[in-house]
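Inspection log for the structure reproduced underneath, given as structure tokens.
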Amino acid sequence: MNLRVRFAPSPTGYLHVGGARTALFNWFVARQARKTDPEGSAFILRIEDTDRERSTQEMVDAIVEGMEWLGMDWDEGPFFQADGAERHRAEALRLLDEGKAYRDFTTPEELARLREEDPDQVIAFPRKRAREMGPEEAARRAEAGEPHAIRFRVPPGETVWDDRVHGATRFNNADIEDLVILRTDGSPTYNLAAVSDDAEMEINLVIRGDDHLSNTPKQILLYQALGYPVPAFAHLPMILGPDGKRLSKRHGATAVGQYAERGILPQAMMNFLALLGWSPGTDQEVMTPDELVEQFSLDRVVKKSAVFDEDKLLWLNGQHLARMSGEALAREVVDRLERLRETARTRVDRDPEWFASLMELLKPRSRSLDDLARTARPYLAQEIVYDPAAVKKHWARDPEAAAGHLEALRERLEDVEWTEEALEEELRALAAQREVGAGKLIHPLRVALVGEAVSPGIFEVLVLMGQERSLARMSAAVTRIRSGRIGEGAAETSES
Ligand code: GLU
């Protein structure tokens, strides 16, 4: 079946999580439809820039960038809603001609007064006034330049649609006010512009957030009044923060770009967004973009609000990270190394295999590219920064023992074959000789090498760090521990 869907963001802010999820669900169904009907189906990007004051080019760029980062491509557009203003106006005038709309000369002051005096009459007032004035008088006053809006005359009855998520949804038309379709300044309102554009673009399925549910009956009535086929609708559940309130900036990052900056992978973000209101109906949670496109179905979108759980995002990110090759991760991480970028670049060029192995070593413990970059630093930098908590735990409790073990180990490792097996053998033999468990050597050593209390297996760390740097780090640690300045700032290791 041919399927034409669209994502219609207003460029008044960055691409946020809710918008990205809406875009994504549209993209999924379009990608599926294009497999069977590549000609007739499309995902369209329409920028709803009718709010001239709040829409900016910067936001348009940010939305486009966010979509590109997530890997969502569109087949048509971007179209700009403001370009259709003439058509929107013509539609409003046509409705006026056909008696389906009327001119409303009520001023904002009058409406405000009425709202105070007799709020029950606010909805009925404009229509009553128009009836009393009559269309000829209204046309005459309009001709004379008197400011007025154009309101759509909501017909009696009930508006019902079969929502693809909510099922049969009905609104009593008596509860819907005669909506303004053309403002006093001649600009079209959202409901008219959206209907006119959706009809023009032959959209046959509208997927958007629940916050638009109350617009839908108005829009359906407009499609009918204008004589256009009514599309199908699917309204996606709201996204809540962990406290059960609607997701907002109070909860932290909501713009997709902020997650990109923090080292979230686009495929992980896509996976995470897909699970906000949808599930594949199996236990599988980690899914590639291809798998998501394959498995997505509006039938499995739930009505219940979805909760934005950042821990889950990080967990998914770690899972996607672990699936990437060391080479691919190296490319991503180099740019995140800031001061070490040039060093890292040179190292990747000279020794790509070493760099890829380092990524392989670090990725199981990393939940983001930032984690990966942070834990890669000790392998690239001359300088080592000691984590105070690690120092306290593994050096400061018994400094003399820690320094003694490290010193002895350093000597012993000066002249050994630098392989995991040989290093392990030497370390264990030394521990036995000093009559302590291997942990008594391994823990202080780990702090000496990477500055932290956790790392991958210590022998793998030694091998990747290389003999020269490892020995230098051990010496620096001994000096530091014996200096009485344990735990102060960074240490420079003297490597040739
Ligand atoms: N511009 C509207 C918004 O950003 C789009 C609503 C729609 O999809 O019809 O919410």
Provide the closest heavy-atom pair for Glu86 versus Arg89 in the form atom of the first, atom of the second, distance. OE2-NH2, 2.9 Å

Ion pair check, Arg54 and Asp49, cut-off under 4.0 Å: no

For Thr288 and Asp290, does a side-chain donor sit closer than 3.5 Å to a side-chain acceptor? no

Examine the side chains of His235 and Asp163 and answer whether a donor and an acceptor come within less than 3.5 Å of each other. yes

Exam field: side chain Thr282 to backbone Gln284, donor-acceptor pair closer than 3.5 Å: yes

Within-4.5 Å side-chain heavy-atom neighbours: Phe296 and Val301: yes

Taking the six-membered ring of Phe105 as reference, does the NZ or CZ atom of Arg141 fall below 6.0 Å from its centre and within a 45° cone about the axis? yes

Can Asp178 and Arg153 be counted as an ion pair, charged N to O under 4.0 angstrom? no

So Phe171 and Trp161, would you call those rings parallel, tilted or perpendicular, with 30° and 60° as cut-offs? parallel

Apply salt bridge (charged side-chain N to carboxylate O under 4.0 Å, His left out) to residues Arg129 and Asp104 and explain how you reach the verdict. CA-CA 8 Å; Arg129 193 167 193 208; Asp104 178 19; 5.0 Å; no

Will you find, in the side chains of Gln57 and Asp61, an N or O donor that is under 3.5 Å from an N or O acceptor? yes

Of the non-hydrogen atoms in Ser368 and Asn317, which two are nearest, and what is the gap between them? CA-ND2, 3.3 Å

Tell me whether Asp198 is salt-bridged to Arg46, with the criterion being a basic N under 4.0 Å from an acidic carboxylate O. yes

A cation-pi test, strictly: NZ or CZ of Arg377 under 6.0 Å from the centre of the six-membered ring of Tyr379 and no more than 45 degrees from its axis. Yes or no? no

Are Tyr14 and Glu65 close enough that a side-chain donor and a side-chain acceptor fall under 3.5 Å? no

Between Glu200 and Tyr228, a side-chain donor and acceptor under 3.5 Å: no

Would you say the side-chain atoms of Arg246 pair up with the backbone N or O of Leu240, donor to acceptor, closer than 3.5 Å? no

Qualifying residue, where the test is side-chain contact (heavy atoms from CB on, under 4.5 Å) with Pro280 and the options are Met287, Glu294, Arg300: Met287

State, with a plain yes or no, whether a side-chain heavy atom of Ile150 is found less than 4.5 Å away from one of Leu93. yes

Determine whether the side chains of Ser41 and Arg34 contain a donor N or O and an acceptor N or O closer than 3.5 Å. no

Out of the candidates Arg4, Arg6, Arg87, only one should pair with Asp197 under the salt bridge (Lys or Arg N to Asp or Glu O under 4.0 Å) rule; please name it. Arg87

Six-ring centre of Trp315, Arg367 cation under 6.0 angstrom, axis tolerance 45°: no

Can Gln219 and Gln224 be said to form a side-chain contact (heavy atoms from CB on, under 4.5 Å), step by step? CA-CA 9 Å; Gln219 296 183 6; Gln224 291 168 340; over 6 Å; no

Between the side chains of Lys363 and Glu360, is the shortest nitrogen-to-carboxylate-oxygen separation below 4.0 Å, so that they form an ion pair? yes

Salt bridge flag under 4.0 Å for residues Arg345 and Asp335: yes

On a heavy-atom basis, which atom in Val29 and which in Asn26 lie closest, and how many Å separate them? CG2-O, 3.2 Å

Walk me through whether Thr22 and Phe7 qualify under side-chain contact (heavy atoms from CB on, under 4.5 Å). CA-CA 7 Å; Thr22 297; Phe7 174 47; 4.2 Å; yes

